[in-house]
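Have a look at the structure below before the remarks.
Order of listing sets the numbers, starting from 1, for every ligand and every atom in it. Both backbone and side-chain heavy atoms feed into the values below; hydrogens, waters and symmetry mates do not. All figures in this text were calculated on a predicted structure; none of them were measured in a lab.
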Amino acid sequence: MKEVGYKVESGLAWLTLNNPPLNALSHALRKAIVEALDRAVADRKVQAIVIIGGERAFSSGADIKEFSGGAFYAEPFLPAVCDAIEAAPKPVIAAISGACMGGGLEVALGCHHRVALADAKIAFPEVKLGLIPGAGGTQRFPRLVGLEPAINLIVSGATVPASLFKGSPLLDVVVDNQGANALRDAAREFATSKKGAPVRRVRDLAVKHPQAEAFLQFAKTSVKAVARGMAAPLRAIDAVAASMERSFDAGLATEGRIFTELMASPESKALRHAFFAERAASKVQGLSDATPQRKIQQVAVVGAGTMGGGIAMTFANAGIPVTVLEAKQEALDRGMAGIRKVYDGSVAKKKLKSEDAQKRVALISPSLDYAAAAKADLIIEAVFEDIEVKKAVFRELDKFAKKGAILASNTSTLDVDRIASFTKRPGDVLGLHFFSPANVMRLLEVVRAKKTRPDVLATAMSLAKRIGKTAVVSGVCDGFIGNRMLDPYAQQALLMLEEGASPRQVDKAIEAFGFAMGPFRMSDLAGNDISWHIRKRHYAEHPKMRPMRIADRVCELGRFGQKTGSGWYRYEAGRRDAIPDPQVDQIIDEERKALKIEPRRIPDAEIVDRLLFSLVNEGARILEEGIAQRASDIDVVYLTGYGFPVHRGGPMFHASQVGLGRVLRRMREFAANPRAEPGSWKPAKLLVKLAAEGRGFDDAPAAGKRKGKSRG
Ligand code: NAD
């Protein structure tokens with residue numbers, strides 16, 4: 001079938017959009033819509049025209065793959081398609097089911113009438129890509145729904161059901177009946193009633209609001225407060241405001257100008273990169289749609305601590321039964337109590353219904369007996385970060401787990417190849433590195449060990465989707481992708497304290513760049529004891545390494561962060577505000593004196609670049625070693641797991657935008673600092689090579705080989 005099916009029945013022309021899966025408005029589809037429309041207009045037998053999509057989508061909007069080439073702007077450009085529909089002399093009716101979003105919604109607004117299933121999904125998601133609707137949406141939508149509802153939907157990017165617009169001029173008919181032909185029948189009945197009727201064009205309506213100016217001002221002030229430096233939501237208000245202040249055509253021109261301006265903005269480029277990066281991460285080298293997968297119906301988690309509890313809830317939330325195993329009754333009781341507390345909290349905050357919370361708790365079965373894991377299709381180990389403890393657990397699992405069960409470790413730093421070797425079935429072993437709190441954080445690093453079988457990896461990737469996680473594949477190395485990069489980043493943060501910065505200055509500088517949390521606030525949240533534990537192991541493994549005395553002394557005082565009421569900052573009972581603490585200043589001061597350092601005022605720009613480029617350099621090594629499959633995977637890790645600002649696109653994208661040559665020059669400057677740790681700014685070979693060729697990370701082919709050192 002062609003992009004648009006064409007059929008005439010009893011005076012009605014049916015134009016069926018056919019660009020699976022979601023009728024994205026590719027150039028071919030746009031062209032076919034206009035051709036079919038012209039045909040229907042010319043056909044004397046046709047008295048009204050119905051444009052209908054498929055069950056999943058009327059249309060999900062622009063084909064954003066076309067953004068990077070010329071096809072997006074190729075004629076007929078989407079605004080011209082909407083104009084052509086609106087200009088048709090015969091009534092055109094949109095019959096809407098499934099997604100009706102962005103450009104898809106704009107096509108529907110170009111039509112003279114709309115008939116929709118009650119559960120059709122209505123949205124203008126453009127702001128999520130740093131854009132605004134650009135095919136008349138900001139002008140036609142307020143003409144139908146009013147100024148306030150239009151701004152609310154366009155600025156938030158939220159998806160709402162069509163039923164919300166019952167009674168609004170947006171929808172002539174809302175179809176509650178969900179039968180297979182319900183939409184078609186309702187559209188036929190409505191279109192028949194409009195045969196030969198004069199057309200009603202949205203452009204001819206006026207937008208009315210009793211206090212438009214005051215409302216627009218209020219909207220701007222409120223959006224500014226939450227936009228976190230993003231331009232699109234504010235510019236969306238400007239565009240919608242034009243629907244009131246100017247003629248339709250002048251309003252369209254304003255919308256077009258703003259759209260073009262945003263399309264070229266670094267923010268929108270970064271958001272589009274992030275969108276594609278996440279899609280790309282699910283594609284794994286060596287796997288295909290034909291790779292077989294194992295069935296996962298029953299899961300077991302070993303260890304009911306911080307991570308085990310969060311992981312168990314993640315599965316229960318997805319409706320998958322999970323057994324939680326512990327070594328001691330007391331720890332098991334504590335773990336289950338922690339799980340109940342989280343669910344009670346969600347019920348209290350009205351995020352979850354009480355009966356749903358009960359259902360989820362009922363899916364989690366506590367046990368002290370490994371035999372309880374015998375039926376599990378997947379067993380995830382989340383016990384102490386100690387290779388001997390892990391060894392004992394995996395030996396035991398090897399005895400009890402059924403044949404074909406996948407055995408996973410949630411280790412943050414230990415060698416997954418070595419863990420696999422503790423079993424007689426290393427092909428069934430992989431790392432599933434969840435982030436804390438595991439029931440909340442979206443990122444899942446899927447660690448592919450040397451012997452991990454393809455079907456095990458493929459199963460893990462699709463399971464991640466089922467439980468709502470964004471999975472990124474990592475090879476085996478010390479810290480995998482995310483934490484390995486965090487090592488040099490944390491080192492820079494600590495060195496800057498010695499040189500003259502305060503924890504607050506470092507945090508504020510990188511937070512102003514857009515990070516959700518600076519390194520010191522983040523460490524206080526995660527627990528300073530975790531990095532202390534890793535540092536002590538580093539000291540033992542590398543006796544020549546210079547100890548980070550400031551950080552060690554903070555930990556020696558038991559200042560482990562929020563959980564102990566103090567860390568890099570102090571915290572008042574029940575509050576999370578980080579308050580600078582003179583005791584920490586004193587430690588910093590004493591250590592500067594011991595190192596004979598005359599403190600200097602470090603510019604914020606230096607703080608930001610030192611933190612970012614230490615991430616980028618390690619990321620480049622990870623890429624050249626083949627630990628990450630592609631640069632954009634590293635970006636996904638930082639965007640979804642480490643609070644990197646999404647409008648900056650991730651560390652590797654950001655570096656490519658800055659220009660790798662400039663990044664390198666800056667790194668040389670930092671290396672010349674007499675306080676720099678020897679070798680710490682040695683540039684990765686890949687970085688040097690790409691900079692010399694004037695390229696960015698996105699063009700870098702992934703390394704074929706996989707290697708890397710591990711500790712543990
Ligand atoms: P935790 O100390 O909170 O919990 C570990 C639990 O394992 C304890 O309840 C303990 O009783 C139990 N346990 C110990 N030995 C056991 C055994 N033989 N059988 C059954 N249960 C046993 O630790 P955690 O923070 O949940 O970390 C668990 C794992 O997750 C570690 O490998 C850690 O590196 C990793 N991890 C932690 C984080 C984090 O932020 N905490 C993040 C990612 C990964």
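Listed for the Asn317 side chain is a donor-acceptor partner under 3.5 Å among the backbone atoms of Met313. A donor-acceptor pair under 3.5 Å is absent between the side-chain atoms of Arg621 and the main chain of Met485, judged by distance alone.
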For ligand 1, list all ligand N or O to protein N or O distances below 3.5 Å, rounded to 0.1 Å.
| residue | atom | partner | partner atom | Å |
| --- | --- | --- | --- | --- |
| ligand 1 | 3 (O) | Thr306 | N | 3.0 |
| ligand 1 | 3 (O) | Thr306 | OG1 | 3.1 |
| ligand 1 | 9 (O) | Glu326 | OE2 | 2.5 |
| ligand 1 | 11 (O) | Glu326 | OE1 | 2.8 |
| ligand 1 | 11 (O) | Glu326 | OE2 | 3.2 |
| ligand 1 | 21 (N) | Glu326 | OE1 | 3.4 |
| ligand 1 | 26 (O) | Thr306 | N | 3.3 |
| ligand 1 | 26 (O) | Met307 | N | 2.8 |
| ligand 1 | 30 (O) | Asn410 | ND2 | 2.9 |
| ligand 1 | 32 (O) | Val383 | O | 3.4 |
| ligand 1 | 32 (O) | Glu385 | OE1 | 2.5 |
| ligand 1 | 32 (O) | Lys390 | NZ | 2.6 |
| ligand 1 | 34 (O) | Glu385 | OE1 | 2.9 |
| ligand 1 | 34 (O) | Glu385 | OE2 | 3.4 |
| ligand 1 | 34 (O) | Ser412 | OG | 2.9 |
| ligand 1 | 36 (N) | Ser412 | OG | 3.1 |

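Taking the six-membered ring for Trp and the full ring otherwise, the centers of His433 and Phe435 sit less than 6.0 Å from each other.
Applying the side-chain contact (heavy atoms from CB on, under 4.5 Å) test to Leu287 and every residue at least two apart in sequence or in another chain returns Val284, Thr291, Pro454, Leu457, Ala458.
Screening residues 505-523 for side chain to side chain donor-acceptor pair (under 3.5 Å) gives Gln505-Asp604, Asp507-Tyr569, Glu511-Arg521, Ser523-Asn528 as the qualifying pairs, with residues at least two apart or on separate chains. Counting only residues at least two apart or in different chains, salt bridge (charged side-chain N to carboxylate O under 4.0 Å, His left out) contacts with residues 430-439 are absent.
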